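Step one of this worksheet: look at the structure below.
Letters A, B, ... mirror the listed sequences (proteins, then strands); counts begin at 1. Computation of the quantities below employed the complete heavy-atom set of this structure, encompassing side-chain atoms and omitting hydrogens, waters and symmetry-equivalent molecules. All values derive from a computational prediction rather than experimental measurement.
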Amino acid sequence: MTTDTRAGTERAGRFDPASYEQRWRDRWEADGLYRADDGDPRDKHYLLTMYPYPSGDLHIGHWYAATGPDIVARMRRMQGLNVMFPMGFDSFGLPAENAAIDRGVHPAEWTAANVERMRAQFRTMGCMFDWTREVVTSDPEYYRWTQWLFLQLFNAGLAYRAMAPVDWCPRDQVVLAREQVEGADRHCWRCGTPVVKRDLEQWFFRITNYADELLRFEGIDWPEPIRLMQTNWIGRSEGAEIHFPTEAEEVEPIRVFTTRPDTVFGATFLVLAPEHPAVSALTTGGRRADVEAYVASARRETEIERMNAEREKTGVFIGSYAVNPMSTERIPIWIADYVLPGYGTGAIMAVPAHDERDYEFAVKHDRPVRYVVLPRGGEAPQGQAFVAHTHDEVLVDSGEFSGMPAAEAIGAITQQLADLGLGGPAVSYKLRDWLVSRQRYWGAPIPIVYCDQHGAQPVPEDQLPVRLPPDVDFAPTGISPLQSHAAFLRASCPACGAEARRETDTMDTFVDSAWYFLRYCSPHDAERPWDPEAIRAWLPVDLYTGGAEHAVLHLMYARFMVKALRDLGHLAFDEPFLALRNQGQILGADHHRMSKSRGNVANPDELVERYGSDTVRLFLMFIGPWDQGGPWSASGIEGIHRFLGRVWGVASEPPGKGGPSADQLLGTAEELARALRRATHATIAEVSSDYGDFRFNTAISRMMELTNAIVRARESGLAGTEAYAEAVDTLLLLLAPAAPHIAEELWQRRGHPYSIHAQPWPVADPALAVAETIELPVQVDGKLRDRLVVTRDTPADEIEQMALASENVQRYLGGRSPQRVVQIPGRLVNVVTPGE
RNA sequence: GGGCGAGUGGCGGAACGGCAGACGCGCCGGCCUUAGGAGCCGGUGUCGCAAGACGUGCGAGUUCGAAUCUCGCCUCGCCCACCA
């Protein structure tokens, strides 16, 4: 049965989002509705979502990522918090420079145009971003402070310059941080080209100083997978350092790092990385030619070849011997490229019996395999290494330690080494210092000048920013375009005033993003990077959202930056982001990551034009769990549009008369009203907790159910009652964070004061939310056989009687009496039949 | 090779150890329409006329009761990967 809505529709106006969405956005903006004030007495809530790179157009993924936190921000605001929800642009970076090379547009121009376009597109989403706080990292007023930050780290010894073998992308002609090299084939994160090694003098940030603190996540609510990724990336290993004296007097003992000091009696040779500094001194005359050839070939190899574990293990004996400090055995020294120069001490003791790599090498090069740890009462395995996994191994052939459980021997041997002055406990990390130099133009210039007399000198703070000159040649040559800019290059030494040369590398854009959340607090402060008062008022960020792909990049760098700035006295907190939530990734329709080159980038503009932004927002939040993402498809968006149309109908049409309905035959108007109120208050509770938990899909389902209940109530003649008005108004309030425009429009049409977004969030009355009668499923042996409708307070024994009296239950019982009856109060009854 | 996560209708997905498939899409039928690619109403896991039986990747287990917990497989996704 449908009411005749035609007349009402004419009077109330058609559901036409285009007629009001832009109007409301303009008004919110003009009123500064979402501006976050520092002095607001309400509790602050800093909600942040990762700012985008201004690549050109906002795509569906940006909408997906931003809508979730916007919903939460809006709800928190209605719940009475002073919410700051800022947005900006991560606008330095390589694509701008490539555009300059490909199309002859200046990076600054290209970037500014993209920022402008994306800012406008962002506005059509109707998010509550406080645009008065916008930051653009390529703006000199921003990168001035990025440079200032570099100087603070430099002055504290946390930024240093070193010659190092670094990852080089031959296509982008730029070095990469270790975190920016991906995959088994060691390719560039940006363009996918396999990287090569180069020895370059580069700037690093000493993030390794913070390795241990970065492993601690106490007090922050972050997803387990992200914490795990960071933990694994930092890669802390506990073990021992062991010193192996050599026969060359002038050479220091070879230090090795091992996690298995209990196997030291099984060490039958040493292996040094080809780059190890002692190699040359330990190479004997007859071996020199072979050794030098091997070192040279290792140097030529790319990371890809070298890191390939499948490859046969190569290496050469260098002619010298060392002494195993525990067994006093004389063992040969080899070099092999499976030992990496950057990890541990760049040297290992090879224990073929207990390490698969050493085993493989020993077999190939005919070294002895000596088992020194075995399962209690077990035998040495044949033809393979024995890598202990249980806690039941004991040492054999290990001198005084023979017979000792391996777990115990680790400590005992380490202790004895320490007592002998030949080693001791040691910790090693996979984490390397953060390489921040980039041989590119479009980034913040590193504020350093080089003087022949005084070396690397920091640019005085009052001379910041070191500005990017606009007139440079962008051809990618592998050296910074700034190199060839004579005027930029020329500087005077801050120490002596002599002519000096300016650093021409720029900073990794991840430096920009490692502190942007601080700048939002006082984005226009021309005197300092931030106003300490504002920082005190807003930081740390209460809730941060973004993609999980930044787990070991941005998210780790930002933590490092905050900890470093804290230690320098600039900040008074330990962690930038108290809580973190990751959205899933929206893939292209072809199930691949969206990219311009694949041509699978979905653009929301057409959908917004056709359905309005509320529908697009809601649809994106409805397709599944927000943290899951998935391939893009617009099929189903009609359902959301119909839903909003129904909301429009129940909220704006005059009461329909309606005829008798099934509902009406079941109860009185009073009972129907009570049922509607119950639905209303249950929905408040569910939607509130769902929003808070980022479960937008189920929240929307609940609102659909409430809407359907309202539609039925109207057909039952309930329109015009208080319960009906409460249901509709509540629905609009719950919908306001997710679909801000239609909620505002209908709120006004119902005669309520502007703005719905300034209304208090509805609170569920638990007494109203519970049903007085419940339907209990009755099972026989766990299978559903009947249902009972009882009042909430029916005693258990009465329920049991009713269940046993059920015809169906009797049938399955077949005259026997039940073995037992399980009752879960308020949930179900299970009758267990006697077994045979 | 290591770590983490996920497998539920035709599809997206719901489901504190307790009625599997909420809510939507799609499809089928109907109403209203000059018309329907608009709107509304009803149906829709599979097999079966039905009563009913069977159903959450596969196989075991725990339990009165398992999509959910445990163990072993299979498949897919992500991260790391010669890290001593």
For A:Gln628 and B:rG13, is the shortest distance between a side-chain N/O and OP1 or OP2 below 4.0 Å? yes
When both hydrogen-bonding distances must be under 3.5 Å and the geometry is Watson-Crick or G-U wobble, what is B:rG9 paired with, if anything? none
Between B:rG13, B:rC16, B:rC19, spot the one nearest the side chain of A:Arg827, thanks. B:rC16
Below 4.0 angstrom, N of the basic side chain to O of the carboxylate: do A:Asp781 and A:Lys783 qualify? no
I'd like the C1' distance from B:rU75 over to B:rC58, given in whole Å. 10 Å
Parallel under 30°, tilted from 30 to 60°, perpendicular over 60°: which one fits the rings of A:Trp648 and A:Phe15? tilted
Where do N or O atoms of nucleotides 59-63 of chain B meet protein N or O atoms at under 3.5 Å, pair by pair?
none

Ignoring the backbone of A:Arg178, work out which of B:rG3, B:rA81, B:rA84 is nearest its side chain. B:rA81
Mind checking A:Arg785 for me? I need base, sugar-phosphate or nothing, with any heavy atom below 4.0 Å counting as a touch. sugar-phosphate
Determine whether any donor atom in the side chain of A:Lys430 lies under 3.5 Å from an acceptor atom in the base of B:rC80, or the reverse, and answer yes or no. no
Measuring only the C1' atom in each nucleotide, how far is B:rG18 from B:rC78? A whole number of Å is fine. 34 Å
Nearest-nucleotide 5' precedence on RNA chain B, A:Gly346 against A:Leu228: A:Leu228
Look through every strand shown and name the nucleotide pairing with B:rG1 as Watson-Crick or G-U wobble, where both distances are under 3.5 Å. B:rC80
Looking at A:Arg811, does any N or O in its side chain come under 4.0 Å of the phosphate oxygens OP1/OP2 on B:rG52? yes
Candidates B:rC79, B:rG13, B:rC82 - which lies nearest the side chain of A:Lys313: B:rC82
Whole-Å P distance, B:rA22 and B:rC31: 27 Å
Under-4.0 Å side-chain N/O to phosphate OP1/OP2 contact, A:Asn232 with B:rG2: no
Taking for each residue the nucleotide of RNA chain B with the nearest heavy atom, is it A:Gly235 or A:Gly645 whose nucleotide lies nearer the 5' end? A:Gly645
Separation of A:Phe696 atom CZ from B:rC23 atom C1', in whole Å? 17 Å
Atom-pair distance (CG on A:Asp627; C1' on B:rA6), nearest Å: 12 Å
Do the numbers put A:Lys313 on top of the ring of A:Tyr338, so that NZ or CZ is under 6.0 Å from the six-membered ring centre and no more than 45° off the axis? yes
Could you tell me the Watson-Crick or G-U partner of B:rG26, where both distances fall under 3.5 Å? Say none if there is no partner. B:rU44
Which of residues 616-623 of chain A have a heavy atom under 4.0 Å from RNA chain B? A:Phe622, A:Ile623
Could you check which of B:rC82, B:rG65, B:rA22 has an atom nearest any side-chain atom of A:Glu705? B:rA22
Protein-nucleotide distance (A:Leu776, atom CG; B:rG18, atom P), rounded to Å: 15 Å
Is A:Arg646 near enough to B:rG24 that one of its side-chain N or O atoms lies under 4.0 angstrom from OP1 or OP2? yes
Between A:Asp627 and A:Arg581, is there a salt bridge with N-O shorter than 4.0 Å? no
Using atom C1' of each nucleotide, how far apart are B:rG55 and B:rA66 to the nearest Å? 14 Å
With sequence neighbours left out, the residues meeting side-chain hydrogen bond (donor to acceptor under 3.5 Å, both in side chains) with A:Gln180 are A:Arg438, A:Asp508
Torsion-based syn/anti label for B:rG55, 90° from 0 as limit: anti
For B:rG26, take OP1 and OP2 only and decide whether either is under 4.0 Å from a side-chain N or O of A:Arg642. yes
For A:Phe643, run the side chain to side chain contact (heavy atoms under 4.5 Å, CB included) check against A:Thr615, A:Leu735, A:Asn708 and tell me which one passes. A:Leu735
For atom C1', what is the distance between B:rG3 and B:rG9, given to the nearest Å? 33 Å
Which label fits A:His554 and A:His550: parallel for a plane angle under 30°, tilted from 30 to 60°, or perpendicular past 60°? perpendicular
A:Arg178 to A:Trp233 six-membered ring, cation-pi geometry met (6.0 Å, 45°): yes
A:Glu549 CD to B:rG77 C1', straight-line distance once rounded to whole Å: 15 Å
Residue A:Gln779, side-chain heavy atoms: nucleotide from B:rA81, B:rC19, B:rA53 that is nearest: B:rC19
Pairwise P distance for B:rC25 and B:rC71, with rounding to whole Å: 40 Å
Check the angle between the aromatic planes of A:Phe619 and A:Trp632 and answer parallel, tilted or perpendicular using the 30° and 60° thresholds. perpendicular
A:Asn708 side chain near B:rG24 phosphate (N/O to OP1/OP2, under 4.0 Å): yes
What does B:rG39 pair with, Watson-Crick or G-U, if both distances are under 3.5 Å? B:rC31
Can you find a side chain N or O atom of A:Thr698 that sits less than 4.0 Å from OP1 or OP2 on B:rC23? no
Tell me which nucleotide, if any, is Watson-Crick or G-U wobble paired with B:rG72 when both distances must be under 3.5 Å. B:rC58
Taking atom types as modelled, is there a side-chain donor on A:Tyr294 or A:Thr314 under 3.5 Å from an acceptor on the other? yes
Should B:rG65 form a Watson-Crick or G-U wobble pair with both distances under 3.5 Å, which nucleotide is its partner? none
What integer distance in Å separates A:His591:NE2 from B:rG12:C1'? 11 Å
Between A:Arg236 and A:Tyr429 (side chain of the first, backbone of the second, donor and acceptor by atom type, cut-off under 3.5 Å), is there such a pair? no
Nearest-angstrom distance, C1' atom, B:rC23 to B:rA14: 7 Å
Determine whether more than 12 heavy atoms belonging to other residues, nucleotides or ligands lie under 6.0 Å from atom CD of A:Glu807. no
Heavy atoms under 4.0 Å, any strand shown: does A:Ser633 hit a base, just sugar-phosphate, or nothing? nothing
What nucleotide among B:rC64, B:rC23, B:rC54 has an atom nearest to a side-chain atom of A:Val822? B:rC64
Whole Å only: how far is the CD1 atom of A:Ile824 from the P atom of B:rC19? 11 Å
B:rA67 and B:rA20, which share atom name C1', separated by this distance in whole Å: 8 Å
Are A:Glu705 and A:Arg702 close enough for a salt bridge, meaning some N to O gap below 4.0 Å? yes
Tell me yes or no: between the side chains of A:Glu638 and A:Tyr611, is some donor less than 3.5 Å from an acceptor? yes
With a non-hydrogen cut-off below 4.0 angstrom, is A:Asn830 in contact with a base, only sugar-phosphate, or nothing? base
Out of B:rG18, B:rC23, B:rC82, whichever nucleotide has its closest atom nearest the side chain of A:Met704: B:rC23
